[in-house]
Amino acid sequence: MLKFRRRMQDTNHGPKTYVAPGTKIIGTIQGKGSYVFCGTIEGDCDISGPLTLAEGGRWKGTIKATDIVVAGTVEGDVIGEQRVEITGTARVTGSLAGHSIAVAEGAIIEGDIKVKSGTAAVTFQEKRGADMQAQAPTKIHAHS
């Protein structure tokens, strides 16, 4: 029997806390549950649960959560206790760390990638969305 692994964006973690586009938060964020950030955040976070930085979202500081999906821009480190998924629209200036890491074609990462499971980071091609345009090649600067 084949067993298919679902991407994090396809999973359901119950109700989410949303931060709308146009919202700016400055400071430290801590909490439990599922969070989706669409605005601008300046500061660090420590979330017990999944965190998504949506396309158009901007984060300056360290992101730490159980599972992380980045579709926006991050200036700082991204630390997932479990999984980290970087979509094709993401730009990360800082290091990535997680038990497993997936990077979509078109994503830009300027920093180290540290996969805690010992396996290499996985790349994937985004196949969702009717408005997908031709994307720039993936730039990954990984250091062992």
Side-chain angles (χ1 to χ4, degrees), residues 3-14 16-31 33-144:
K3 185 173 182 178
F4 293 99
R5 292 175 48 159
R6 298 177 75 186
R7 290 191 31 217
M8 286 191 309
Q9 287 184 312
D10 297 333
T11 60
N12 184 3
H13 292 283
K16 293 176 174 51
T17 299
Y18 285 93
V19 175
T23 302
K24 184 174 184 176
I25 297 174
I26 300 173
T28 301
I29 301 170
Q30 293 181 320
S34 187
Y35 289 79
V36 178
F37 294 94
C38 302
T40 301
I41 294 84
E42 292 181 15
D44 300 335
C45 80
D46 191 354
I47 302 294
S48 179
L51 180 149
T52 299
L53 179 63
E55 185 174 351
R58 302 184 65 79
W59 197 297
K60 189 173 184 176
T62 298
I63 299 174
K64 183 178 178 187
T66 305
D67 297 308
I68 302 169
V69 175
V70 176
T73 301
V74 177
E75 292 180 42
D77 296 336
V78 177
I79 305 165
E81 291 179 28
Q82 295 297 318
R83 299 181 289 177
V84 175
E85 183 177 309
I86 308 299
T87 72
T89 59
R91 179 179 182 100
V92 178
T93 305
S95 65
L96 299 178
H99 184 71
S100 67
I101 298 175
V103 180
E105 184 177 334
I108 298 173
I109 300 166
E110 298 176 14
D112 296 333
I113 298 176
K114 300 170 189 160
V115 182
K116 297 175 187 174
S117 65
T119 60
V122 175
T123 60
F124 63 93
Q125 185 173 21
E126 182 65 64
K127 297 185 185 247
R128 292 190 189 103
D131 61 339
M132 292 299 293
Q133 304 282 329
Q135 297 177 350
T138 303
K139 296 180 183 179
I140 300 176
H141 304 284
H143 302 281
S144 301

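Atom-to-atom distance recorded for Thr66:OG1 and Ile79:CD1 is 12.5 Å, nearest 0.5 angstrom. In this structure, CD on Glu42 lies 6.0 Å from NZ on Lys60, to the nearest 0.5 angstrom. Here the straight-line distance linking atom OH of Tyr35 with atom SG of Cys45 works out to 9.5 Å at 0.5 Å rounding. Interatomic distance, Ile86 CD1 to Ile108 CD1, rounded to the nearest 0.5 Å: 12.5 Å. With rounding to the nearest 0.5 angstrom, the OH atom of Tyr18 is 7.5 Å from the OG atom of Ser34. A distance of 9.5 Å separates OG1 in Thr73 from CD in Glu55, rounded to the nearest 0.5 Å.
Of the residues listed (Val103, Thr93, Ile101), the one engaging Ile109 in a side chain to side chain contact (heavy atoms under 4.5 Å, CB included) is Val103, and it is the only one.
Taking all atoms of both residues into account, the shortest heavy-atom contact from Ile47 to Gly33 is CG2-O, 3.8 Å. The two residues Cys38 and Ala20 come nearest to each other via the heavy atoms CB-C, 4.0 Å. Considering all non-hydrogen atoms of both residues, Gly61 and Val74 come closest at O-CG1, 4.3 Å. Nearest heavy-atom pair, Asp44 versus Trp59, reported as atom, atom and distance to 0.1 Å: C-CZ2, 4.5 Å. Closest heavy-atom contact between Arg58 and Leu53: N-CD1, 4.0 Å. Across all their heavy atoms, Lys16 and Val36 have their closest contact at CD-CG2, 3.6 Å.
Between Glu81 and Lys64 no salt bridge is recorded (no basic side-chain N to carboxylate O distance below 4.0 Å).
Within the 4.5 Å cutoff, no side-chain heavy atoms of Leu96 are placed close to those of Asp112. In this structure, Val69 and Leu51 have side chains that are not in contact, with every pair of non-hydrogen atoms separated by 4.5 Å or more. Side-chain contact between Ile25 and Thr40 is absent, with no heavy-atom pair separated by less than 4.5 Å.
In the model, Asp77 has no side-chain atom that pairs as donor or acceptor with a side-chain atom of Thr62 under 3.5 Å.
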